[in-house]
Amino acid sequence: MNKTDKYMVNIEIDIDCQELLDAIGLDYEVSEDDDTQNIIGLSLTEEEFQDVFETCQLTKANEVEFGTRLLNPELGEYCTKVTVLTPDNNVIIFK
(Lines give C-alpha, C1' and ligand atoms only; values in the text may rest on other atoms or scores of the structure.)
Protein backbone atom coordinates (compact mmCIF):
# COMPACT_ATOMS: atom_id res chain seq x y z
CA MET A 1 0.00 0.00 0.00
CA ASN A 2 1.51 3.34 -0.97
CA LYS A 3 1.18 6.62 0.89
CA THR A 4 -1.63 7.90 -1.33
CA ASP A 5 -3.83 5.05 -0.09
CA LYS A 6 -3.78 6.46 3.44
CA TYR A 7 -6.14 8.80 5.23
CA MET A 8 -4.07 11.45 6.99
CA VAL A 9 -5.72 12.61 10.22
CA ASN A 10 -4.65 15.62 12.30
CA ILE A 11 -6.17 15.89 15.76
CA GLU A 12 -5.90 19.27 17.43
CA ILE A 13 -5.91 18.88 21.17
CA ASP A 14 -5.72 21.45 23.97
CA ILE A 15 -2.20 21.98 25.25
CA ASP A 16 -3.51 21.53 28.83
CA CYS A 17 -3.38 17.75 28.34
CA GLN A 18 0.25 17.70 27.17
CA GLU A 19 1.32 15.73 30.27
CA LEU A 20 -1.20 13.01 29.39
CA LEU A 21 0.21 12.79 25.85
CA ASP A 22 3.74 12.55 27.25
CA ALA A 23 2.69 9.90 29.78
CA ILE A 24 1.28 7.58 27.12
CA GLY A 25 4.04 8.33 24.60
CA LEU A 26 1.99 9.92 21.82
CA ASP A 27 3.96 12.03 19.36
CA TYR A 28 2.65 15.56 18.80
CA GLU A 29 3.78 18.99 17.76
CA VAL A 30 2.66 22.47 18.76
CA SER A 31 0.28 24.02 16.22
CA GLU A 32 1.87 26.71 14.05
CA ASP A 33 -1.46 28.57 13.98
CA ASP A 34 -2.42 28.37 17.67
CA ASP A 35 0.10 27.86 20.47
CA THR A 36 -2.68 26.64 22.80
CA GLN A 37 -3.08 23.51 20.65
CA ASN A 38 -0.98 20.42 20.02
CA ILE A 39 -1.42 18.39 16.84
CA ILE A 40 -1.35 14.61 16.74
CA GLY A 41 -0.87 13.19 13.26
CA LEU A 42 -2.20 9.75 12.37
CA SER A 43 -2.19 7.71 9.19
CA LEU A 44 -5.14 5.35 8.69
CA THR A 45 -5.81 2.62 6.17
CA GLU A 46 -9.19 2.54 4.44
CA GLU A 47 -10.37 -0.16 6.86
CA GLU A 48 -9.25 1.83 9.90
CA PHE A 49 -10.91 4.96 8.51
CA GLN A 50 -14.18 3.11 7.98
CA ASP A 51 -14.05 1.62 11.49
CA VAL A 52 -13.72 5.07 13.03
CA PHE A 53 -15.56 7.48 10.74
CA GLU A 54 -18.17 5.54 8.80
CA THR A 55 -19.59 3.75 11.83
CA CYS A 56 -20.41 6.99 13.65
CA GLN A 57 -23.97 8.26 13.50
CA LEU A 58 -24.17 11.67 11.86
CA THR A 59 -25.79 13.20 14.95
CA LYS A 60 -22.74 12.20 17.02
CA ALA A 61 -20.14 13.30 14.46
CA ASN A 62 -17.93 15.89 16.12
CA GLU A 63 -14.31 16.41 17.14
CA VAL A 64 -14.78 14.99 20.65
CA GLU A 65 -16.41 11.79 19.38
CA PHE A 66 -13.64 11.17 16.85
CA GLY A 67 -10.92 12.13 19.35
CA THR A 68 -12.40 9.57 21.72
CA ARG A 69 -12.51 6.88 19.03
CA LEU A 70 -8.99 7.60 17.76
CA LEU A 71 -7.26 8.23 21.11
CA ASN A 72 -9.27 7.48 24.27
CA PRO A 73 -12.21 9.00 26.17
CA GLU A 74 -10.07 11.16 28.45
CA LEU A 75 -8.07 12.71 25.59
CA GLY A 76 -11.19 12.98 23.43
CA GLU A 77 -12.58 15.58 25.81
CA TYR A 78 -9.61 17.83 25.00
CA CYS A 79 -10.00 17.60 21.21
CA THR A 80 -10.90 20.84 19.47
CA LYS A 81 -10.59 19.89 15.79
CA VAL A 82 -10.15 16.80 13.63
CA THR A 83 -9.03 17.20 10.01
CA VAL A 84 -8.91 14.31 7.54
CA LEU A 85 -7.15 14.39 4.18
CA THR A 86 -8.53 11.55 2.09
CA PRO A 87 -6.47 9.62 -0.50
CA ASP A 88 -8.23 11.57 -3.28
CA ASN A 89 -7.30 14.91 -1.60
CA ASN A 90 -10.69 15.78 -0.14
CA VAL A 91 -10.62 17.47 3.26
CA ILE A 92 -13.08 16.66 6.05
CA ILE A 93 -13.09 18.89 9.15
CA PHE A 94 -14.88 18.47 12.46
CA LYS A 95 -14.64 21.36 14.97
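Here the structure is a predicted model, which means the values were calculated and not measured. Residue numbers run from 1 in the order of the sequence given.
Grouping the Ile, Leu, Val, Met, Phe, Trp and Tyr side chains by contacts below 4.5 angstrom, directly or via other members, places I39 apart from L85. V9 and F49 end up in the same hydrophobic cluster when Ile, Leu, Val, Met, Phe, Trp and Tyr side chains are linked at under 4.5 Å. Under the 4.5 Å side-chain heavy-atom criterion for grouping Ile, Leu, Val, Met, Phe, Trp and Tyr, L26 is connected to I13 within one hydrophobic cluster. When the side chains of ILVMFWY residues are joined at heavy-atom separations under 4.5 Å, either directly or via intervening members, L20 and V82 end up in a single hydrophobic cluster.
Considering every non-hydrogen atom in both C56 and F66, the closest pair reads CB-CE2, 3.9 Å. Nearest approach of M8 to S43, heavy atoms of both residues: SD-OG, 3.8 Å. In this structure, T55 and V52 approach most closely via the heavy-atom pair OG1-O, 3.8 Å. Closest heavy-atom contact between T45 and Y7: O-CD1, 4.0 Å. I11 and C79 make their closest contact through CG2-SG, 3.5 Å (heavy atoms, listed as atom of the first residue, atom of the second, distance). Here the closest heavy-atom approach between residue F53 and residue L70 is recorded as CZ-CD1, 4.1 Å.
More than 12 heavy-atom neighbours from other residues, nucleotides or ligands sit within 6.0 angstrom of CG on D22.
Interatomic distance, N38 CG to E29 CD, rounded to the nearest 0.5 Å: 9.0 Å.
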| request: Determine, stepwise, if the pair T86 / D88 fulfils side chain to side chain donor-acceptor pair (under 3.5 Å). | output: CA-CA 5 Å; T86 68; D88 54 358; 2.4 Å; yes
| task | Before giving the answer on side chain to side chain contact (heavy atoms under 4.5 Å, CB included), spell out for I40 and L75 the whole-Å C-alpha distance, their side-chain angles and the decisive distance to 0.1 Å. | result | CA-CA 11 Å; I40 300 167; L75 290 173; 5.7 Å; no
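Within the structure, every pair that satisfies the side-chain hydrogen bond (donor to acceptor under 3.5 Å, both in side chains) test and touches residues 70-85, not counting sequence neighbours, is listed here: Q37-T80. Applying the salt bridge (charged side-chain N to carboxylate O under 4.0 Å, His left out) rule to pairs touching residues 50-66 yields E65-R69, sequence neighbours excluded.
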